[in-house]
A.B. asks: 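Can you read through this structure? Questions will come right after.
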Amino acid sequence: MKVVGLFVLISLWTTITWSQMPHPKASPFTKTEQVVGLSKISLEYSRPAARNRKVFGIQADGIPALVPFGRIWRVGANESTKISFDSDVKIEGKHLSKGTYALYIFPYEDQWEIVFHKNTSHWGDGRDNYNPEEDALRVSVIPLKTLAFQENLLLYFDELQHDAAQLIIHWASTKVQVSISFDTMSMMEKQIQQKLQDNPSAQTYYEIARYYQEQGIRLFDALTYLEKALQMHGETYYFYRVKALVEGDLGDYAAAIESTKKSIQLAEKENKDEFVRLNEKDIKVWQEELKNN
């Protein structure tokens, strides 16, 4: 009996050890992160391959393809795809609270329903346990046909701005875009007010002014902050560069040209050729504006 028991234990140990042996996955796992303004998005999913199979809808013989129309899809393979937002976000213009969600899709021929699901514990698509009442958000998007064939499922972010991006889902010859946006301006303004109350440095004033100029907002405040930065830190080519841009945006082209000339002089001393070229190009534009006004 002891010999039999030992044999059983050895067999069990061998089975467990073999089952835990690492091996290449048919659908490799990947993780990607994208910063949008002051927010971060994280994605975790596995990437199945087409392998000469029809991916979406119905095959020519009437048999469902890998991802049939009208049925829940995990947007990948193995575990459900997870997407995380560290700030409140809008998806296709609809509010979604920050957090981690299982990402599901119900694909149809003419539209796809994108689902952000609060229950992240389901394995795969959770088909038997999926409860639509646990959806945090559901939006519809239109699938597009592409000439470029994508062998492995690919999820990525494109058209990045300070406050927005597009989530792209591309597999085989089908692609969808899901618009994502954050209230970056409110987050930035809150941060700016905190910095201004905390003994701001010349660099702080400069960074605030640069942000305002890039956004095309509060330009008079930006000019005031740049003047403070110059008083505190002395003459700096990039301070004058942004000051000129603000003055140009305000239509004060004469002042913009003078600030640009100072930027060029300082940039030449530090061998910053790229700034010299940028400034010289802007001077020509503003000189033309002065002639026309």
Side-chain angles (χ1 to χ4, degrees), residues 33-41 86-87 89-90 156-166 168 179-293:
E33 292 185 342
Q34 180 62 60
V35 173
V36 180
L38 299 176
S39 304
K40 184 171 71 174
I41 312 171
D86 70 354
S87 305
V89 61
K90 285 189 176 181
Y156 64 98
F157 300 95
D158 201 7
E159 300 181 30
L160 300 172
Q161 302 176 38
H162 284 179
D163 59 357
Q166 294 286 330
I168 312 297
S179 68
I180 296 172
S181 61
F182 297 94
D183 191 1
T184 303
M185 190 170 291
S186 292
M187 288 186 279
M188 190 67 187
E189 195 59 40
K190 181 179 179 181
Q191 180 176 264
I192 286 171
Q193 294 308 315
Q194 291 174 342
K195 291 290 185 181
L196 288 174
Q197 294 173 13
D198 187 25
N199 193 25
S201 65
Q203 186 67 20
T204 300
Y205 284 127
Y206 163 73
E207 290 177 355
I208 294 171
R210 185 181 64 181
Y211 171 73
Y212 285 160
Q213 191 278 323
E214 289 173 349
Q215 297 299 305
I217 60 174
R218 300 185 64 172
L219 296 177
F220 287 105
D221 289 339
L223 194 57
T224 298
Y225 294 145
L226 286 163
E227 289 169 350
K228 287 183 178 180
L230 286 164
Q231 291 170 5
M232 294 174 67
H233 191 270
E235 296 188 334
T236 307
Y237 69 89
Y238 51 90
F239 284 9
Y240 274 115
R241 165 71 182 163
V242 176
K243 183 172 183 285
L245 292 174
V246 172
E247 289 164 338
D249 290 340
L250 289 170
D252 190 351
Y253 303 120
I257 291 170
E258 289 304 310
S259 294
T260 302
K261 289 179 179 178
K262 291 181 180 179
S263 181
I264 289 173
Q265 292 172 356
L266 294 165
E268 286 176 336
K269 290 180 181 179
E270 298 188 34
N271 294 318
K272 299 294 183 180
D273 294 343
E274 68 276 17
F275 277 89
V276 173
R277 290 193 298 270
L278 288 170
N279 283 319
E280 288 175 342
K281 181 179 178 181
D282 287 337
I283 282 179
K284 292 179 181 179
V285 173
W286 291 324
Q287 286 174 338
E288 286 297 317
E289 291 288 349
L290 280 176
K291 289 179 183 178
N292 298 329
N293 290 334

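Quick note: numbers below take in every heavy atom, side chains included, and nothing from hydrogens, waters or symmetry partners.
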A.B. asks: Hey, could you give me the CG/CD distance between Leu250 and Gln213, rounded to the nearest 0.5 Å?
C.D. replies: 10.0 Å
A.B. asks: Looking only at heavy atoms, what is the nearest atom pair of Ser181 and Val89, with distance?
C.D. replies: O-CG2, 3.3 Å
A.B. asks: Side-chain donor-acceptor pair under 3.5 Å between Gln203 and Glu207, yes or no?
C.D. replies: yes
A.B. asks: Before accepting this row, confirm whether a basic side-chain N of the pair Glu247/Lys243 lies closer than 4.0 Å to the acidic partner's carboxylate O.
C.D. replies: yes
A.B. asks: Relative to the ring of Phe239, is the ring of His233 parallel (under 30°), tilted (30 to 60°) or perpendicular (over 60°)?
C.D. replies: tilted
A.B. asks: Please check: side-chain N/O of Asp86 versus main-chain N/O of Lys40, any donor-acceptor pairing under 3.5 Å?
C.D. replies: yes
A.B. asks: Within the 4.5 Å heavy-atom criterion, are Met187 and Ser39 side-chain neighbours or not?
C.D. replies: yes
A.B. asks: With distance as the sole test, does Ser263 use its side chain to make a donor-acceptor pair with the main-chain N or O of Tyr237 at under 3.5 Å?
C.D. replies: yes
A.B. asks: Can you tell if the side chain of Gln191 reaches within under 4.5 Å of the side chain of Met188, non-hydrogen atoms only?
C.D. replies: yes
A.B. asks: Using 0.5 Å steps for rounding, measure from the CD1 atom of Ile217 to the CG atom of Asp249.
C.D. replies: 12.0 Å
A.B. asks: Parallel, tilted or perpendicular: which describes the rings of Tyr206 and Tyr238, with under 30° parallel and over 60° perpendicular?
C.D. replies: perpendicular
A.B. asks: Between Gln231 and Glu227, is the side-chain hydrogen bond (donor to acceptor under 3.5 Å, both in side chains) condition met? List the steps.
C.D. replies: CA-CA 6 Å; Gln231 291 170 5; Glu227 289 169 350; 5.8 Å; no
A.B. asks: Would you say Asn279's side chain and Phe275's backbone share a donor-acceptor pair under 3.5 angstrom?
C.D. replies: yes
A.B. asks: Strictly below 4.0 Å, N to O, side chains only: are Arg241 and Asp282 in salt-bridge contact?
C.D. replies: yes
A.B. asks: Atom CG of Leu223 and atom CG of Leu245: how far apart are they, to the nearest 0.5 Å?
C.D. replies: 11.5 Å
A.B. asks: Step by step, would you call Glu258 with Lys261 a side chain to side chain contact (heavy atoms under 4.5 Å, CB included)?
C.D. replies: CA-CA 5 Å; Glu258 289 304 310; Lys261 289 179 179 178; 3.9 Å; yes
A.B. asks: Salt bridge (charged side-chain N to carboxylate O under 4.0 Å, His left out) for Arg218 and Glu189? Distances and angles first, verdict last.
C.D. replies: CA-CA 11 Å; Arg218 300 185 64 172; Glu189 195 59 40; 2.7 Å; yes
A.B. asks: On a heavy-atom basis, which atom in Ala209 and which in Leu226 lie closest, and how many Å separate them?
C.D. replies: CB-CG, 3.5 Å
A.B. asks: With rounding to the nearest 0.5 angstrom, report the CD1 to OH distance, Ile264 to Tyr240.
C.D. replies: 13.5 Å
A.B. asks: If we only count heavy atoms from C-beta on, is the Ile192 to Tyr212 side-chain gap below 4.5 Å?
C.D. replies: yes
A.B. asks: Between Ala202 and Ala229, which heavy-atom pair has the shortest distance, and what is it?
C.D. replies: O-CB, 3.5 Å
A.B. asks: Is there a side-chain contact between Ile41 and Phe182 in this structure, where contact means two heavy atoms from C-beta onward sitting under 4.5 Å apart?
C.D. replies: yes
A.B. asks: How many angstroms lie between NZ in Lys272 and CG in Leu278, if you round to the nearest 0.5 Å?
C.D. replies: 13.0 Å
A.B. asks: Do Lys90 and Ile180 have side chains that approach each other closer than 4.5 Å (heavy atoms only, starting at C-beta)?
C.D. replies: no
A.B. asks: Please examine the side chains of Asp163 and Met185, heavy atoms only from C-beta on, and report whether any two atoms are closer than 4.5 Å.
C.D. replies: no
A.B. asks: Considering only heavy atoms from C-beta outward, does the side chain of Gln166 approach that of Phe157 to under 4.5 Å?
C.D. replies: no
A.B. asks: So does Asp158 have more than 12 non-hydrogen atoms from other groups sitting under 6.0 Å from CG?
C.D. replies: yes
A.B. asks: Sort out for me which residue in Val246, Leu196, Thr204, Leu230 forms a side chain to side chain contact (heavy atoms under 4.5 Å, CB included) with Tyr225.
C.D. replies: Leu196
A.B. asks: If you define the side chain from C-beta out and look only at heavy atoms, does anything of Trp286 sit under 4.5 Å from Thr260?
C.D. replies: yes
A.B. asks: For Thr184 and Leu38, which heavy atoms make the closest approach, and how far apart are they?
C.D. replies: CG2-N, 4.1 Å
A.B. asks: So, for Ile257 and Gln287, which heavy atoms are closest and what is the spacing to 0.1 Å?
C.D. replies: CD1-CG, 3.7 Å
A.B. asks: Salt bridge check, Lys291 against Glu288: does any charged N sit closer than 4.0 Å to a carboxylate O?
C.D. replies: yes
A.B. asks: After noting the C-alpha distance and the side-chain angles of Val36 and Gln34, does the key distance pass the side chain to side chain contact (heavy atoms under 4.5 Å, CB included) rule?
C.D. replies: CA-CA 6 Å; Val36 180; Gln34 180 62 60; 4.2 Å; yes
A.B. asks: Of the non-hydrogen atoms in Val276 and Ala267, which two are nearest, and what is the gap between them?
C.D. replies: CG2-CB, 3.9 Å
